[in-house]
Each structure stands twice: as structure tokens, then as C-alpha cells.
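Quick notes on the structure that follows.
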Amino acid sequence: MCPMINPDRFLSNLHHLRSFGAAGVGRGVVRPAYSEADIAARRWLAGQFRQAGLTARVDAMGNVFGLAEGPSLLLGSHSDSQPEGGWLDGALGIIAGLEIARSSRENGGPQVSVASFQDEEGRFGVTTGSSVWSGQLSDARACTLLDHTGVQLSDAREAMADMVTGRVDPGQFTGFIEMHIEQGPVLDASGDAIGVVTGIVGIRDMNITFEGQQNHAGTTPMHLRRDAFQAVSAFNTLLNDRLRNVVTPQTVWTIGHIALHPNASSIVPGKATFSMQWRDADTDRLTRMEQVIRDAAVDIATRHRMTFTHGPLLGLDPVVMDGRLRAALSDAAGHVVPGRWREMPSGALHDTTNVSRLMPAAMLFVPSINGVSHAFEEDTREEDLVTGLRVLARAVSTL
């Protein structure tokens, strides 16, 4: 049976979490990892975990856990946001986990723990907090990571050092389920209320730098320029052409952040550093794409008389969701919204990828209105949020 849950309490807590870093139009949130708003939200979450009868624990990375007694199922997601994010990305999974853990304790249900992982949105890396917790990334290496402004992670996390209680042992958890908004248009367009995730794509991410010659924008002839931005533009065009016979319609790649130096209107930019990210469900294809990207960068650097350097390659391989947990979610969806659910892959990266290296893991999606996410306009109808909560609660009760 589906345990008793309190949808009003769930929605109230979800809206309260939005108040930390509320910004922009609609229900926007600005809550980057280790920011003042992020740390305030984590302090509030730790308090909520304690009020729910859980033991609050925080590790050195700033991952916040609410622990049940003994072996338990772990629910959760992340509470940090993109530089301009929405109110549900990550937050939904934590507050859904909190409500189910609290309701389960109130009604004599199964043991449920909750987690809010740190820096999922990649201020410093790729799902940094859960990468360290799962052993995919060493704490020593994580500490050396820099954000786009040059701040080092080891310095940023000092702001919440007073909260740290120590490492949380993954061995106490029997499995992990992450409830999340889809962040895409499939469910919203089809009218389905629930997506049971089959697998999560892999991702690769690295910074590339072209360095030419800074010069006067008025007196330097075009044919003599070593313009770093022109090199980036040419690289983008060449890369799109060379990837055509490597990728599938589901493959994506993005130049998402670019920094020009000295970034002035009357100076030919001498240096450009940009992020290069690509995603696919096939590990071999990710590797082939990496070689295409590196070769294209070298060719452009040669043609434009640039030096080419790159940062460390970060990333995670594709993963398949656990069959038993998937079956529980599918069965629950079939009971709660018969005929209005589907199985589907995740094109977005999630903490589940890392946690799946440690224990059985699965994911549940609810619709995103117009498929919008990583934007202030991100939203989901509240009835769909509650439907997702009911499906998750029913699945947990059977597990």
C-alpha cells in the first residue's frame, strides 16, 4: 500500500527551499554551490532532517544527509543551482525524500534516509559532491578544482566547515532513488505524468584555450590578426562538420562558457578559454568525439597561428538503472497513473550516475512545462509534483 504522505507539507517545504536565493522572473533561483544562499539552504535542510527524526550529517564536501537508524533506502538529489536556475532542479528530489522519510517515521513505515549532494551543477566540476562521496574523484583532486573566476574549491568549502561532522558510510544504504524534473519536453508533449528512467547518458567536459596576439582593433589589418575569438568561431564550425558522421540524433555537444582576454571593445582578443562538453549514451562514441574535438582544435590553432592548450578531461560514463528499483517505480506508476507513464532515458546528468557505482540506483521523472530547465522559467504543475511524490512513496513502500 502507498504510505500516508502530506502533499501540503511537501509543497510548503518545496516553496520554502525556493526562498533561499529566489531571483529573477517566475520561480527563479540563484544558489550556486558554496554561495551564501546555498549554505543557508543546507543549514535549513539539516534542521528539517532533525525535525523529521533523522540524524543530520555533513561531510567535508558539504553533502548533507538525514540518516535513519540502521540499513535504509536513500532518497535525494542536490540543492545547489545553476547561476540562473529554477526552483525544482534538484530541490524536488530532496523535499520528496524528506516528506517520505518523515511520513514513514510517523506511520511506522520502512527506514528512509535523505541526501542533498553538493555542486551537482558543476561550479567546480561534474557532479562534484557525489563524485567524491562515491570515490570517482579523490578529495585531494577535488580541492584543486577552480571555478570560472579562479576560486579554488578547497577555499570555497571553508564557508561551511563548521557544519562538517565527518564521512557518511555508503554501506548503510540498500539503494538510491532520485526523483527529478525531466528537464526536457517529452513528458509535457506526450501528456504522460511519470517517466521511469532506463539509463543516464555519459558526459565529457574540458576547457580549451586558444592564445594568439592581443592587438589594437583599429590599426591591425584583418589578415595579420591572431584573433582568439575568430579561432573559437572557426573551431565551432569545423567541429559541427566533422562530427556529422560520428554522432546520432540523440548526441549533443555544447560550448557553454567563453572568456575573452582582455574582453575590451577596442582590442583584438589575444586569448579565449571556453568550455567544451559532449554527451552520449555510448562510451565508445564519447571517446571518438574526444579525438575529433582534439584534432579540430589542433587544426584551428595551426591555421590561425594560435597556441592550443586544454584543461583536465572530466566526465562520467553512461549507466543503466537497477532492474529491481525500476520495476518498483514502474509498478507504482501503473497503479497511480495507469496509461500515463513511460520508460525513458535521461539526457541530463544526475548524481544517480555516481551513486549507482556504490549501490542499486534508479530515477523517476515528472514533466517540465515546455521542457524548460536551467532557466528562471523552469516550472512543473503542482499536481504533477504531487503525482510524482505518490508514485515514489508507493515504490518505497514496496521496497
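For this chain, numbers begin at 1 and follow the sequence in order. Since we're looking at a predicted model, the values are computed, not measured.
Between the side chain of Asp169 and the backbone N or O of Gln172, no donor-acceptor pair lies under 3.5 Å. Put simply, the side chain of Asp384 never gets that close to the backbone of Thr380: no donor and acceptor are under 3.5 Å apart.
Residue pairs meeting the ring-ring contact (aromatic ring centres under 6.0 Å, His included) criterion with at least one partner in residues 133-164, sequence neighbours excluded, are Phe65-Trp133, Phe117-Trp133, His148-His257. Residue pairs meeting the ring-ring contact (aromatic ring centres under 6.0 Å, His included) criterion with at least one partner in residues 88-111, sequence neighbours excluded, do not occur; the list is empty.
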>> Evaluate Glu377 against Arg27 for salt bridge (charged side-chain N to carboxylate O under 4.0 Å, His left out), listing each step before the verdict.
In response: CA-CA 7 Å; Glu377 296 83 4; Arg27 295 173 172 176; over 6 Å; no
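Here the shortest heavy-atom pairing between Asp119 and Phe124 reads OD2-N, 3.1 Å.
The aromatic rings of His16 and Phe20 lie perpendicular to each other, with more than 60° between the two planes, well past the 30° mark.
Between Phe235 and Phe274, the gap from one ring centroid to the other is short of 6.0 Å.
Rounding to the nearest 0.5 Å gives a distance of 11.0 Å between CD of Glu178 and OG of Ser356.
Partners of Arg242 under the side-chain hydrogen bond (donor to acceptor under 3.5 Å, both in side chains) rule, at least two apart in sequence or in another chain, are Asp299. Asp139 pairs by the salt bridge (charged side-chain N to carboxylate O under 4.0 Å, His left out) definition with Arg157, not counting sequence neighbours. Annotation: salt bridge (charged side-chain N to carboxylate O under 4.0 Å, His left out) contacts of Arg43 (sequence neighbours excluded): Asp162.
Listed by chain and number, the hydrophobic cluster partners of Met321 are Val126, Val186, Leu187, Val197, Ile200, Ile203, Leu314, Leu316, Val319, Met344, Leu349, Met363, Phe365, where partners are ILVMFWY side chains within reach of under 4.5 Å, directly or through others.
Between the side chains of Ser368 and Ser373, no donor-acceptor pair of N or O atoms lies under 3.5 Å.
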